[in-house]
Amino acid sequence: MPWVPRVARFMESSDMPVSSIIIRSLTKQYANLTALNSFDLEVEQGSIFGLLGPNGAGKTTLIRILTTLMRQSSGEVFIEGLDTRTNGLKIRSMIGVVSQENSLDRYLTARENLVLHARLHGMEKSLYNRRIDELLELMGLSDRQKDFPDTYSGGMQRRLVVARALVHKPQLLFLDEPTTGLDPQSRRAVWEYIRSLSGSMTIFLTTHYLEEAEQLCDRVAIMDHGRLIALGSSQELKDRLSGETVYDIELERDVEHYSSLLGSMPCVSNIRRIDNKIQVSLEHWECLSEIVTALNGAPIRRITLKERTLEDVFISLTGSGVRG
Ligand SMILES: Nc1ncnc2c1ncn2[C@@H]1O[C@H](COP(=O)(O)OP(=O)(O)O)[C@@H](O)[C@H]1O
Ligand SMILES: [Mg+2]
């Protein structure tokens, strides 16, 4: 199903949002492999943007180019209006990066890791000490600041890496799979911190977790094989999936009888039986009243609208095969 590109929609509106990131026809070739293929995207200033895609889709390659760690084969990238090919130094001073691996210095304490980062960014001691105190507090790591990262849990290490990326007060924060491998509690803690930053900077994150994108991101892009395949808010993406509405009808008994009755109705486009539940897909929501009439006298326990998830969209766009 086609969708209106965000850029085109902006042109129509009078108060045009400012794009923090502009990507045009970006292509990256690794020998014979095309990791990014004519990729176009704009990310609005101050928003949280989520890039989803299966393994090998090209997410890390894209982040590496956006953060000037790698050069594209062709196409253009502008970070706050600056071309990544000619303004690497300036761009690196404006961005914070949380790479896929933690890359903490294990021979420095947590605080020393942050101090090193501040000094690499040429910050004054009086300035960075206060900033580091604030960040350790924000990330819930003040008590453990004198410990070495190896003694930290996975979630604490990840929070420390996020803190490190924020020391020099970046305008943009890039996070490559910030919560992969974390337990649900730690993941939620990292989400809280990311959410608390929203509005104060542009946040660009990649993730495997659809719930993460739904919880955090204003807009989501789904990519596969180096190409952008869908773009919008998670609600817009779910709405685009199909016009059908799906209801679960749970019965006390007579499931067989009612499933064949409903199955014979023209407005029911699909029907599935799961234990004492009948799942019907309706072409239009108006069909629901016909269904209710047909179920008159049936021992109904409950009828629920089955909410579509971003996962449904993801699977429908990228297929259900497992990637290496
Ligand atoms: N340095 C590299 N040299 C050659 N191929 C690479 C390199 N980095 C990544 N690739 C390949 O490019 C594709 C995209 O990889 P990547 O950007 O890491 O995807 P993702 O982060 O979405 O898993 C994959 O097929 C991967 O094997
Ligand atoms: Mg990756």
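We count ligands from 1, going down the list as the structure has it; atoms in each ligand are counted the same way. The figures that follow rest on heavy atoms only: side chains count, while hydrogens, waters and symmetry mates do not. All residue numbers refer to positions in the sequence shown, counting from 1.
- Each of the atoms 23 (O) of ligand 1 lies under 4.0 Å from some heavy atom of Asn55.
- For atom 3 (N) of ligand 1, the closest heavy atom belonging to the protein is Tyr30 CD2, 3.5 Å.
- Distances from atom 16 (P) of ligand 1 to the heavy atoms of Asp224, Ile65, Thr61 show the closest one on Thr61.
- Counting only heavy atoms from C-beta outward, the side chains of Ile21 and Ile79 approach each other to under 4.5 Å.
- A donor-acceptor pair shorter than 3.5 Å can be found between the side chains of Asp176 and Thr206.
- Short contacts between ligand 1 and Ala57, defined as distances under 4.0 Å to a heavy atom of the residue, involve ligand atoms 19 (O), 20 (P), 22 (O).
- When heavy-atom distances to ligand 1 are checked against a 4.0 Å cut-off, Leu33 comes that close only through its side chain, counted from C-beta outward.
- Checking only distances, Thr60 does come within under 3.5 Å of ligand 1, N or O to N or O.
- Assignment of Gly58 to the shell around ligand 1 is supported, since a heavy atom sits closer than 4.0 Å.
- Between Ile23 and Leu66, some side-chain heavy-atom pair lies under the 4.5 Å cut-off.
- Metal site remark for the Mg ion (ligand 2): Thr206 contributes no N, O or S atom at a distance under 2.8 Å.
- Residue, atom and distance of the protein heavy atom nearest to atom 23 (O) of ligand 1 are Gly56 N, 2.7 Å.
- In this structure, atom 27 (O) of ligand 1 has its sub-4.0 angstrom surroundings free of protein heavy atoms.
- Under the 4.0 angstrom criterion, atom 13 (C) of ligand 1 counts as having a protein heavy-atom contact.
- Rounding to 10 degrees, one finds that the Mg ion (ligand 2) sits at the corner of an angle of 80° between Gln100 OE1 and Thr60 OG1.
- By the neighbour-count criterion of 12 heavy atoms within 6.0 Å, atom CG of Asp150 is densely surrounded, having more than that number from other residues, nucleotides or ligands.
- Residues passing the ring-ring contact (aromatic ring centres under 6.0 Å, His included) test with Phe204 are Phe49, Phe174, sequence neighbours excluded.
- Counting non-hydrogen atoms of neighbouring residues, nucleotides and ligands closer than 6.0 angstrom, the CZ atom of Arg119 reaches no more than 12 such neighbours.
- Residue contacts with ligand 1 include Pro54, since one of its heavy atoms falls under 4.0 Å from the ligand.
- The CG atom of Leu104 lies 12.5 Å from the CD atom of Glu112; values are rounded to the nearest 0.5 Å.
- Relative to the ring axis of Tyr193, Arg159 does not place its NZ or CZ within 45° and under 6.0 Å from the centre.
- Distances below 4.0 Å separate heavy atoms of Ala35 from the following atoms of ligand 1: 12 (O).
- For the pairing with Leu173, the side-chain contact (heavy atoms from CB on, under 4.5 Å) check across Ile48, Leu197, Ile194 returns one residue only, Leu197.
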